[in-house]
Amino acid sequence: MDIIKVEHLCKEFSYYKKETGLQGSLKNLFHREILTKEAVRNVSFAVEKGEIVGLLGPNGAGKTTTLKMLSGILFPTSGNAVIDGFIPWERKNEFKRRFSIVMGQKNQLWWDLPASDSFYLNKCIYDIDDAAYRKTVEELSELLDVRELMNVQVRRLSLGERMKMEILAALIHRPQILFLDELTIGLDIISQQKIRDFLQYYNEQTKTTVILTSHYMRDIEALCRRAVIISHGQLVYDGELSKINHLMGDKKLLTLKGIGEIPAEKLAAFGRVREKKGAETVLEVPKDKLRETASAILSTLHVEDFTVTEVPLEESIALIFKKEVDSL
Amino acid sequence: MKPYRCVFRMGIEKSLEYRADFFLSLFSAVFPIIIQTFLWNYLYGNEDAAALFGYTYNEILIYTLLAGLVSKLVQTGLEYQVNEDIKLGGLNKYLVSPVSYGRYQLFSFLGEKAPQLVIMGAVAAGMIAFSVAVLGLELSPMRVLIFIVSLVLALLLNFFIFYSVALLSFWLTDVNLMFGTVSIVLVVVSGGVFPLDIFGEKLELLVNLLPFGYTTQFSVNIINGRFGWTQIGSGFLCQLFWIGFFGILARCMWKRGLKRFTAVGG
């Protein structure tokens with residue numbers, strides 16, 4: 001069953017430009033040329049209950065704008081969205097109790113007080129009974145490994161610790177839908193990993209529906225089976241993550257290490273040479289020709305080491321972004 | 001616990017978190033009072049000053065002391081927070097949760113104010129005792145009680161005035177400088193520096209018609225005995241009227257501003 005249904009969503013912003021320097025500023029004092037930007041253009045997709053969907057796209061693609069419309073912060077210029085039976089921008093309290101949004105670059109906790117105070121405030125705001133509140137905080141603080149930090153002022157926490165607290169605060173009312181915008185931005189690898197593991201576990205346990213945006217492919221690969229890709233405000237891909245490589249021409253990478261250096265022209269006969277560093281070479285080979293190419297290489301060249309890998313997802317996605325730009 | 005009670009409590013905790021700031025802000029209230037005392041000393045060196053201003057030297061000192069105190073008590077500061085929320089998108093977190101932003105700000109403001117009120121209350125009691133003992137102020141318990149009621153209303157009125165001003169941020173992106181100007185002008189036109197009736201009856205009438213006097217001068221005129229009971233009664237009516245007026249104004253501004261905010265982005 002679809003819990004989120006988005007149809008032909010559009011959002012236009014008006015803004016004005018300023019030329020460099022004082023002259024531009026003075027000119028703007030008297031006359032501002034109003035320009036329009038289409039941040040989101042005709043985006044449609046649906047999300048099933050319990051799904052984790054990755055919303056991908058380069059900076060300025062319209063990801064955050066889309067999430068803001070879905071959480072009712074922004075009115076769309078046109079189009080529809082229904083979330084669990086509610087229209088987000090009507091901002092009904094009943095709807096607000098069903099979801100949470102966490103933004104990696106925004107702070108929702110009281111800066112000067114310990115996070116536990118903000119948790120308690122959320123308990124009051126969402127009218128959660130004592131037992132359920134205690135259970136949630138105990139369980140989640142254990143999972144996120146922040147139990148010792150509950151009584152430390154938020155301003156004294158590290159970025160990673162604060163992010164965990166932000167997540168905890170957003171889950172106090174046990175929302176059915178979670179929007180996560182650039183959650184792991186600026187975090188170290190271990191913190192990223194911890195948050196990823198937590199989200200995965202939490203989603204499995206509670207079947208919470210999640211839409212998340214991130215620029216770290218590791219986040220996306222670990223958490224999402226499905227990706228919705230937007231570029232320049234338009235939807236360019238909606239489907240399984242694993243099929244993206246297929247879409248981009250189904251290639252595999254052969255990394256081989258020769259005994260001594262193998263000349264480039266010899267290698268080029270087997271596939272496109274992507275990279276060559278001394279004895280080590282990365283070849284790009286069509287997937288359906290992998291077996292024959294590999295055996296040909298092994299029988300004709302002196303190879304010491306040999307590995308087959310997928311084309312990194314980043315690259316395929318970057319290609320999708322770029323393709324979209326070229327077709328414009 | 002109800003949400004706004006919780007916000008109120010957190011406001012108290014927040015203001016207790018910064019002790020130094022708290023005491024410095026109290027200390028800063030003393031300087032204007034000292035400067036004004038010198039000024040009045042100089043002005044009252046002139047023989048007919050009392051006749052000219054309509055206040056005796058002692059009366060004007062009592063006024064200065066009490067007005068300095070009252071204007072400190074009703075002082076806000078939430079306008080900067082509101083401006084930042086609107087400008088940088090901090091407003092989003094309130095929009096997605098089932099709370100009213102205005103009420104949230106009000107209770108957080110009252111909470112932050114509460115510890116200050118307790119200490120200031122003690123200081124005020126001291127000043128009033130000093131005025132009674134040294135400067136010859138006459139006081140009845142009834143007046144003290146009414147004074148306190150008027151202070152609470154003055155605090156609310158000032159909140160709504162500044163909240164309305166703060167909501168201008170929906171239309172003007174950066175209004176921090178304006179806030180500084182507005183708060184200085186308002187302290188003067190509310191009678192926080194000197195009594196406005198020294199400029200004659202016409203200005204006094206204007207002060208009575210405008211809302212600002214009801215944030216400071218009105219309360220002071222209750223405690224210093226300058227107002228009779230009828231004046232106090234009509235003063236309260238005006239105070240309540242202006243609270244309602246700015247409350248409704250803020251509500252309308254919020255509605256229109258929010259439409260703009262959600263249309264334009266945050």
Side-chain angles (χ1 to χ4, degrees), chain A residues 11-15 37 39 64-65 67-77 88-89 91-103 105-114 116-128 130 153-155 166 169-170 172-173 175 179 181, chain B residues 1-22 77 80-81 84-101 103-105 107-109 111-112 115 170-174 254-266:
Chain A
K11 179 73 193 172
E12 285 175 5
F13 289 117
S14 56
Y15 65 105
K37 188 192 172 198
T64 304
T65 307
L67 283 190
K68 278 184 178 170
M69 285 191 278
L70 294 186
S71 50
I73 297 169
L74 291 180
F75 277 112
T77 310
W89 40 90
R91 284 204 288 269
K92 297 224 170 84
N93 279 348
E94 246 340 276
F95 169 64
K96 290 174 180 176
R97 290 176 190 282
R98 280 163 208 249
F99 81 100
S100 254
I101 180 165
V102 186
M103 299 193 177
Q105 314 193 50
K106 293 268 158 66
N107 186 20
Q108 315 205 24
L109 305 168
W110 280 50
W111 188 246
D112 307 295
L113 299 179
S116 54
D117 276 307
S118 293
F119 299 160
Y120 193 75
L121 176 62
N122 277 3
K123 168 200 179 312
C124 300
I125 288 176
Y126 291 99
D127 201 16
I128 310 296
D130 286 338
Q153 291 91 335
V154 173
R155 64 170 193 276
E166 292 278 352
I172 295 285
H173 64 289
F179 299 129
D181 191 23
Chain B
M1 205 190 287
K2 291 279 170 288
Y4 301 105
R5 233 164 73 196
C6 191
V7 175
F8 177 76
R9 200 202 60 190
M10 285 172 75
I12 297 179
E13 287 176 45
K14 184 181 165 188
S15 80
L16 293 179
E17 191 68 23
Y18 293 105
R19 289 169 300 183
D21 178 58
F22 177 56
Y80 295 97
Q81 181 63 47
E84 203 181 291
D85 281 345
I86 293 173
K87 195 168 109 186
L88 302 178
L91 198 55
N92 293 344
K93 70 174 174 190
Y94 303 96
L95 295 183
V96 297
S97 64
V99 289
S100 136
Y101 181 70
R103 262 201 263 175
Y104 190 102
Q105 288 298 335
F107 281 91
S108 155
F109 163 72
E112 280 178 57
F170 277 124
W171 293 272
L172 312 162
T173 315
D174 206 326
W254 168 257
K255 273 194 179 153
R256 299 199 65 161
L258 194 62
K259 256 197 193 136
R260 197 182 143 88
F261 181 82
T262 52
V264 176

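To find a chain, count down the sequence lines: A is the first, B the second, and so on, and within it residues start at 1.
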CA sep, side-chain torsions, deciding dist, call: A:Tyr120, B:Arg9, side chain to side chain contact (heavy atoms under 4.5 Å, CB included): CA-CA 11 Å; A:Tyr120 193 75; B:Arg9 200 202 60 190; 3.9 Å; yes

Chi angles and distances behind the side chain to side chain contact (heavy atoms under 4.5 Å, CB included) call for B:Lys93, A:Lys106: CA-CA 9 Å; B:Lys93 70 174 174 190; A:Lys106 293 268 158 66; over 6 Å; no

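With a 4.5 Å cut-off on non-hydrogen atoms, B:Glu13 touches chain A through its backbone and its side chain both. The contact between A:Leu121 and chain B is made by backbone and side chain atoms together, counting heavy-atom distances below 4.5 Å. In this structure, the portions of A:Ser118 lying under 4.5 Å from any heavy atom of chain B include both its backbone and its side chain. Residue A:Asn107 touches chain B through its backbone alone, counting heavy-atom pairs closer than 4.5 Å. A:Glu94 does not touch chain B: none of its heavy atoms, backbone or side chain, sits under 4.5 Å away.
Within the model, atoms NZ of B:Lys14 and CH2 of A:Trp110 stand 6.0 Å from one another, a figure rounded to the nearest 0.5 Å. To the nearest 0.5 Å, atoms CG (A:Leu67) and CG (B:Asn92) are separated by 11.5 Å. Between atom CG of residue A:Asp112 and atom CG of residue B:Leu16 there is a gap of 12.0 Å, rounded to the nearest 0.5 Å.
Contact count against chain B (heavy-atom pairs under 4.5 Å) is highest for A:Arg155 among A:Arg155, A:Lys92, A:His173. Of the listed residues (A:Trp89, A:Phe99, A:Trp111), the one with the most heavy-atom contacts under 4.5 Å to chain B is A:Phe99.
Applying the side-chain hydrogen bond (donor to acceptor under 3.5 Å, both in side chains) criterion to A:Glu166, with sequence neighbours excluded, gives no partner residue. Residues meeting the side-chain hydrogen bond (donor to acceptor under 3.5 Å, both in side chains) test with B:Tyr4, sequence neighbours left out: none.
Shortest non-hydrogen contact noted between A:Arg91 and B:Leu258 is NH2-CD2, 3.1 Å.
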